[in-house]
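Source: prediction; values computed, not measured.
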Amino acid sequence: MSPPTQPVLEIHSGIVLKGQLSMVKDLVLTGKFEGELQTFGCLTVASGGVVTGTIDAGALVLEPGNLVEARVKVGPPPKSSAKTHEETKKKVAGGFWSGRLQRLKEFALGRR
């Protein structure tokens with residue numbers, strides 16, 4: 001039996017986000033993001049995806065047909081950041097982001 005995989009956050013085409021986004025899990029982007037994007041997981045910028053600003057990701061996949069204009073850092077967090085990584089995981093698991101992501105989703109879908 002294989003271990004469960006982390007859920008993936010998807011920012012679909014037609015969605016434009018600006019600001020700062022920090023997470024533990026993987027992210028697939030086919031929409032647009034402008035600002036500071038950080039994930040301990042894998043960031044996949046798929047066809048149609050646009051990122052401008054800064055990227056700090058555990059892994060990065062750039063598919064054909066995207067646009068990335070960003071300062072990029074790829075790799076695991078430094079060993080000294082292990083405590084920060086664990087704190088972030090606890091905040092995400094504990095619902096720290098759940099309300100914010102729900103409001104963001106509602107905003108993106110035009111419900112707010």
Side-chain angles (χ1 to χ4, degrees):
M1 182 180 210
S2 63
T5 60
Q6 289 183 324
V8 175
L9 175 66
E10 296 182 35
I11 300 174
H12 295 281
S13 62
I15 296 176
V16 179
L17 298 177
K18 294 182 181 183
Q20 187 176 19
L21 181 62
S22 181
M23 65 185 58
V24 174
K25 58 184 157 183
D26 295 344
L27 172 66
V28 176
L29 180 74
T30 55
K32 296 180 182 179
F33 183 87
E34 180 181 327
E36 298 176 29
L37 195 153
Q38 178 188 24
T39 179
F40 290 117
C42 179
L43 169 63
T44 301
V45 185
S47 180
V50 176
V51 180
T52 57
T54 60
I55 296 171
D56 185 357
L60 179 64
V61 175
L62 300 175
E63 295 181 355
N66 67 51
L67 174 64
V68 176
E69 294 180 345
R71 183 174 176 199
V72 178
K73 179 182 173 194
V74 178
K79 299 243 185 240
S80 62
S81 296
K83 183 176 180 183
T84 305
H85 176 68
E86 289 303 316
E87 289 171 358
T88 304
K89 282 176 33 177
K90 287 179 185 175
K91 287 179 184 177
V92 171
F96 178 79
W97 285 103
S98 62
R100 288 175 174 85
L101 288 175
Q102 183 61 34
R103 288 191 296 275
L104 180 62
K105 181 179 175 184
E106 290 173 3
F107 177 79
L109 295 174
R111 295 182 185 159
R112 276 197 140 181

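Here the CG-NZ distance, from Leu17 to Lys32, works out to 12.0 Å after rounding to the nearest 0.5 Å. The distance from atom CG of Leu37 to atom CD of Gln20, rounded to the nearest 0.5 Å, is 10.0 Å. In this structure, CZ in Arg71 is found 10.0 Å from CG in Asp56, a value given to the nearest 0.5 Å. Between atom OG1 of residue Thr52 and atom CD of residue Glu69 there is a gap of 7.0 Å, rounded to the nearest 0.5 Å.
Minimum heavy-atom separation, Gly58 to Val74: O-CG1, 4.0 Å. Shown here for Leu43 and Ala57, the closest heavy-atom pair between the two residues is CB-CB, 4.1 Å. For the residue pair Met23 and Leu9, the shortest heavy atom distance occurs at CE-CD2, 3.2 Å.
Looking at heavy atoms from C-beta onward, Asp26 lies out of side-chain contact with Thr39 at the 4.5 angstrom threshold. A heavy-atom distance below 4.5 Å is not found between the side chains of Asn66 and Ser47. When side chains are defined from C-beta on, Phe33 counts as touching Leu21, because their heavy atoms get closer than 4.5 Å. Looking only at side-chain heavy atoms (C-beta outward), Thr44 and Glu63 come within less than 4.5 Å of each other.
Taken together through direct or relayed side-chain contacts under 4.5 Å among Ile, Leu, Val, Met, Phe, Trp and Tyr, Val61 and Leu27 form parts of separate hydrophobic clusters. Leu60 and Leu67 fall into different hydrophobic clusters, defined by Ile, Leu, Val, Met, Phe, Trp and Tyr side-chain heavy atoms under 4.5 Å apart, directly or through other members. A continuous path of Ile, Leu, Val, Met, Phe, Trp and Tyr side chains, each step under 4.5 Å between heavy atoms, connects Val45 with Ile15, placing both in one hydrophobic cluster.
In this structure, Thr30 contributes its side chain and Ser13 its backbone to a donor-acceptor pair below 3.5 Å.
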